[in-house]
S.K.: 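One structure, as structure tokens, below. Some questions next.
Letters A, B, ... are given to chains in the order of the sequence lines, protein chains preceding strands, and every chain is numbered from 1.
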Amino acid sequence: MRRGHYNVAFNQTDPMTEPTLQSLPERILALFRDAMRTVAPHAAVAVVLERPRQAGHGEFASTLALQLAKSLQRPPGEIAAALIKALPPSPLVEKVEVAGPGFINVFLTPAAKRSVVTEVLRAGSRWGAVSLGHGRRVQVEFVSSNPTGPLHVGHGRGAAFGASLANVLAKAGYEVQREYYVNDAGRQMDILAVSTWLRYLAGFGSKIPFPPNGYQGDYVTAMADTLRKTCGHSLFRADESVLDGTPGIAPLLREGDKEAEARNETHMDVLIANAKSLLGDGYKTVHQLALHEQLADCREDLEAFGVVFDRWFSEQSLYDDGSVARVVDRLAAGGHLYDQDGARWFRSSAFGDEKDRVVQRENGIFTYFASDIAYHANKFERGFERVVDVWGADHHGYIPRVKAALTALGFDAGRLHVPLVQFVSLYRHGEKAQMSTRKGQFVTLRELRTEVGRDAARFFYVLRKSDQHLDFDLDLAKSESNDNPVYYVQYAHARIHSVLQKWGGDAALLAGVPLDVLDSPQEFVLMQWLRAYPEAVEAAARDYAPHQLAFYLKDLAAALHSYYNATQVLVSEEPRKLARLALIAAVAVVLRDGLQLLGVHAPESM
RNA sequence: GUGCCCGUAGCUCAAUCGGAUAGAGCACCAGCCUUCUAAGCUGGGGGUUACAGGUUCGAUUCCUGUCGGGCACGCCA
């Protein structure tokens, strides 16, 4: 049995009420299983249902006859007829018919269609919860940006995608842990510390030219000010000692001048070494201040974006507790390492990588890859059944080596999933907004959030498949107009609440009202959308594709707006009024829940 | 050069593990507020799914090749 079909998808996880009652799609599926036992008892075909795109093809369809035609050596039409004849009678089914080359279309009775309204109102926020995950533990690691500066709009996409994906997985029955990997151990952090220190020194009149490969943002100067307030001039050192042994900054005459870049990197390395020896413990002070300030800023930024983590995992901790050295030893013990040119190499090419990789440099320092192996081993040892890394698409070449390492350590690398998130281009007034990380002129997530708002930003980010480049239209995201998809969906929710408020009754009673008076085509369309919500959740979880949920919500909102325009809900006839209120109240439940999964508010008035 | 991703309406994008007549929004055209929010609705035109083959009952989807775009190819992280 392959994963993810209606048989599991529609098994509502609702242990509180009627735990043994099968969902409606499940019951339809059971009918087909029965028929299969009669018509083709030995066929190795998974019995699944699909939802026809086309109105007029019923509520459910089966392609069983088409799939069986070959093995049974009979025409599909004939098999379809036999299957239909073998279907047990059901009060849910109005009619079943063969269509096209051999599709079997199932039409529900009106009562069966209406039942979803009551189901939704009773389930509330539990509606749409599916058991795809069966409570299995999954970890989603995302953002994990170097804490060396503010998050930019690219990180924002990773944040929005990762957070939505984690929510969707949780809704689909996984036990989800959200984690942020803090790269607090590497050279980048040293560069940030030195950058801060140089700004600090400048505040005391130092004339040291600021290196082009340092961090140049205003936030660095701000941290230098903090440093001056907390440490006075105790960290001041003379220019000559700071610059001692540095080759000096090479002018970068053109982009990609390898020689000049290399010299500047050396310059920086010497500055770092000097800082460490000149400051002693004071260096740690600078380093820690920079790290904590940036992490706090990052956390605050993400929280305001509706993104919260269960755990912030420090890379440094893997060095401190010996994990990195241990994992390298394990690889060595397994015979997966060799020495060459003074460095230690991991034979990743033996596990599908295109070349071998260094884990310990000639100077004895472990590479980032080494700590990353330790980190992934740690994840697997924590007992997650599945580990999801959300990475920027530029890291795709990194996947094979991590999987190779996991395999070499005896883990099942197939349990590591790495959805890639493509780049973001901002558009303003129809033109691409230039972004340069070089000079600190990039657009930050905070600026984006301030400009377009959290809701629009979150929604726009997941409006594209994650592996697709995203053109982010700032003007559209800001516009309070019908062009803006986020308002379109929110407006549908607000409209419903407006009606409920005007009615003024107790919404909790709507779950019990008779629904027979609901009989217009638009009402049945809305019921179909309600029925499709668990399916949308499951598809989004299965494919790591929260954008499917965003599209679903747009469609549901469209159906609601259409209905709203064509139908007066608050009519004088009481039973009709209550039934219509129940229907739109159910729609509001789903809109609210879906938006919440995407980190978007569902306002009750706009 | 090698590897991965992508190519769908004028634009931005969907398309349920291969399904029925490839769908939305924007833009364009024509309509709808004395009625629960017009941030809305109704209708219309618009396609050789980059191109050429292959696999099969059936291909936007899978395979091969060509063209075009992006990314990655470090003892950086």
Side-chain angles (χ1 to χ4, degrees), chain A residues 2-5 9 46 48 50-54 56-57 61 63 66-67 69-70 75-76 99-103 105 146 148 183 185-189 265 315 340-345 354-355 357-363 365-369 371-372 392-400 420 422-423 427 430 463-465 467-471 473 476 479-488 490-492 494-503 532 535-536 538-539 542-543 547-548 550-551 554-555 557-558 560-571 577 580-581 584 605-606:
Chain A
R2 291 160 69 182
R3 64 183 176 150
H5 290 296
V48 294
E50 57 186 50
R51 182 176 296 279
R53 291 197 184 103
Q54 197 79 26
H57 288 159
T63 57
L66 292 162
Q67 292 173 314
K70 197 161 204 177
F103 294 96
N105 294 333
N146 284 336
T148 52
N183 298 125
R187 179 168 177 267
Q188 294 306 315
M189 270 309 302
E265 294 307 315
E315 179 191 4
Q340 188 180 303
D341 304 329
R344 281 187 111 180
W345 295 72
E354 54 186 31
K355 54 173 284 197
R357 311 289 175 179
V358 171
V359 290
Q360 193 169 15
R361 292 197 284 260
E362 201 174 356
N363 59 14
I365 296 174
F366 290 113
T367 60
Y368 174 83
F369 179 43
S371 57
D372 221 13
D394 53 334
H395 286 74
H396 74 263
Y398 197 74
I399 299 170
L420 299 173
Q422 280 284 3
F423 296 136
Y427 282 81
L463 220 37
R464 297 283 174 269
K465 251 186 309 204
D467 59 6
Q468 203 83 248
H469 283 269
L470 171 63
D471 289 334
D473 186 334
L476 180 59
S479 76
E480 297 195 355
S481 76
N482 49 0
D483 302 347
N484 193 332
V486 69
Y487 289 117
Y488 184 84
Q490 289 180 316
Y491 185 45
R495 270 184 150 175
I496 294 170
H497 276 276
S498 171
V499 176
L500 289 171
Q501 201 162 22
K502 185 134 191 163
W503 168 58
E535 179 189 350
E538 194 212 314
R542 185 192 60 213
D543 301 337
H547 77 277
Q548 293 191 20
F551 279 91
K554 278 169 62 177
D555 287 338
L560 186 280
H561 285 310
S562 181
Y563 179 61
Y564 181 93
N565 270 275
T567 314
Q568 184 77 12
V569 175
L570 300 177
V571 291
K577 176 170 74 182
R580 286 178 177 171
L581 282 166
I584 63 168
S605 67
M606 290 173 73

S.K.: Have a look at A:A99 and say if it touches a base, only the backbone sugar-phosphate, or nothing, with a 4.0 Å heavy-atom cut-off.
M.R.: base

S.K.: With P as the reference atom in both, quote the distance from B:rG23 to B:rA15 in angstrom, rounded to an integer.
M.R.: 14 Å

S.K.: If the condition is salt bridge (charged side-chain N to carboxylate O under 4.0 Å, His left out), which residues does A:R187 pass it with, not counting sequence neighbours?
M.R.: A:E265, A:D269

S.K.: Taking syn as within 90° of 0 and anti otherwise, name the glycosidic form of B:rC33.
M.R.: syn

S.K.: Can you give one letter per nucleotide of nucleotides 2-10 of chain B, going 5' to 3': B for a protein heavy atom under 4.0 Å from the base, S for sugar-phosphate only, - for none?
M.R.: -BBSS----

S.K.: Ignoring hydrogens and angles, are the base of B:rA14 and the side chain of A:D555 linked by a donor-acceptor pair under 3.5 Å?
M.R.: no

S.K.: Can you sort out the partners of A:R464 under salt bridge (charged side-chain N to carboxylate O under 4.0 Å, His left out), two or more places apart, ordered by chain and number?
M.R.: none

S.K.: Who passes side chain to side chain donor-acceptor pair (under 3.5 Å) against A:Y398, sequence neighbours left out?
M.R.: A:D372

S.K.: Using a cut-off of under 3.5 Å, enumerate the N/O to N/O pairs linking the protein to nucleotides 74-77 of chain B.
M.R.:
unit_1, atom_1, unit_2, atom_2, d
B:rC75, O2, A:E362, N, 2.7
B:rC75, N4, A:D341, O, 2.5
B:rC76, OP2, A:R361, NE, 3.4
B:rC76, OP2, A:R361, NH1, 2.9
B:rA77, OP1, A:R361, NH1, 3.1
B:rA77, OP2, A:Y368, N, 3.1
B:rA77, O2', A:N146, OD1, 3.3
B:rA77, O2', A:N146, ND2, 3.2

S.K.: Check this one for me: any side-chain N or O of A:Y564 less than 4.0 Å away from OP1 or OP2 of B:rU42?
M.R.: no

S.K.: Is the phosphate of B:rU12 approached by A:R464 (side-chain N or O, under 4.0 Å from OP1 or OP2)?
M.R.: no

S.K.: Between A:H561 and B:rC36, is there a side-chain N or O to OP1/OP2 distance below 4.0 Å?
M.R.: no

S.K.: Pick the C1' atom in B:rA22 and in B:rU16, then give their distance to the nearest Å.
M.R.: 14 Å

S.K.: Rounded to whole angstrom, note down the C1' distance from B:rG10 over to B:rG45.
M.R.: 13 Å

S.K.: Just jot down the ring pair (Phe, Tyr, Trp, His ring centres under 6.0 Å) partners of A:H497, sequence neighbours excluded, or say none.
M.R.: A:H493

S.K.: Taking B:rA9 as the reference, what is the distance to B:rA50 when you measure between their P atoms (whole Å, please)?
M.R.: 8 Å

S.K.: Using side chain to side chain contact (heavy atoms under 4.5 Å, CB included) as the criterion, list what pairs up with A:R344, not counting sequence neighbours.
M.R.: A:V328, A:A332, A:L337, A:D339, A:V359, A:Q360

S.K.: For the side chain of A:S605, starting at C-beta, report the closest nucleotide among B:rA15, B:rA39, B:rU37.
M.R.: B:rU37

S.K.: Taking only residues two or more places apart in sequence, or in another chain, which ones meet A:K465 in a salt bridge (charged side-chain N to carboxylate O under 4.0 Å, His left out)?
M.R.: none

S.K.: In terms of side-chain heavy atoms of A:Q67, which of B:rG19, B:rA15, B:rC41 is nearest?
M.R.: B:rG19

S.K.: Using the C1' atom in both, what is the distance from B:rA20 to B:rG3, to the nearest Å?
M.R.: 38 Å

S.K.: Can you find a heavy atom in the side chain of A:S562 that is under 4.5 Å from one in the side chain of A:Y564?
M.R.: no

S.K.: Is there a side-chain contact between A:V358 and A:F369 in this structure, where contact means two heavy atoms from C-beta onward sitting under 4.5 Å apart?
M.R.: no

S.K.: Report the stems of RNA chain B as range-with-range entries sorted by first number; a stem here is at least three consecutive pairs, Watson-Crick or G-U wobble, both distances under 3.5 Å, and write none if there are none.
M.R.: B:1-7 with B:67-73, B:10-13 with B:23-26, B:28-32 with B:40-44, B:50-54 with B:62-66

S.K.: Please state the C1' separation for the pair B:rA24 and B:rG47 - nearest whole angstrom.
M.R.: 15 Å

S.K.: In whole Å, what separates the P atom of B:rC63 from that of B:rG7?
M.R.: 13 Å

S.K.: For a quick check of understanding: with a heavy-atom distance under 4.0 Å over all strands, which category does A:A494 fall into, base, sugar-phosphate or nothing?
M.R.: base

S.K.: Describe the nucleic acid contact of A:T567 in one word from base, sugar-phosphate, nothing, applying a heavy-atom distance below 4.0 Å.
M.R.: base

S.K.: Answer yes or no: is there a side-chain heavy-atom contact under 4.5 Å between A:D394 and A:F423?
M.R.: yes

S.K.: Using a heavy-atom cut-off of under 4.0 Å over every strand shown, decide if A:F551 touches base, sugar-phosphate, or nothing.
M.R.: sugar-phosphate

S.K.: Assuming nearest nucleotide by heavy-atom distance, tell me which of A:F103 and A:L470 is located more 5' along RNA chain B.
M.R.: A:L470

S.K.: With sugar-phosphate meaning primed atoms plus P, OP1 and OP2, does A:S562 contact a base, only sugar-phosphate, or nothing at under 4.0 Å between heavy atoms?
M.R.: sugar-phosphate

S.K.: Any idea which of B:rU56, B:rA72, B:rA39 is nearest the A:D394 side chain?
M.R.: B:rA72

S.K.: Measuring from the side chain of A:Y487 (C-beta onward, heavy atoms only), which nucleotide among B:rU37, B:rA39, B:rG19 has the closest atom?
M.R.: B:rA39

S.K.: When all nucleic acid strands are considered with a 4.0 Å heavy-atom cut-off, which category describes A:A61: base, sugar-phosphate, or nothing?
M.R.: base

S.K.: Side chain to side chain contact (heavy atoms under 4.5 Å, CB included) with A:A393: which residues, sequence neighbours excluded?
M.R.: A:L420, A:Q422

S.K.: Sequence neighbours excluded, which residues qualify as side chain to side chain contact (heavy atoms under 4.5 Å, CB included) partners of A:E315?
M.R.: A:Y181, A:N183, A:D184, A:A185, A:Y319, A:Y368, A:S371

S.K.: Rounding to the closest angstrom, what is the interatomic distance between B:rA14 and B:rC6 at atom P?
M.R.: 11 Å

S.K.: So does A:I365 get a backbone contact from the side chain of A:N363, meaning a donor-acceptor N/O pair under 3.5 Å?
M.R.: yes

S.K.: Quick one: list whatever passes side chain to side chain contact (heavy atoms under 4.5 Å, CB included) with A:T567, sequence neighbours left out.
M.R.: A:Q522, A:Y563, A:R580

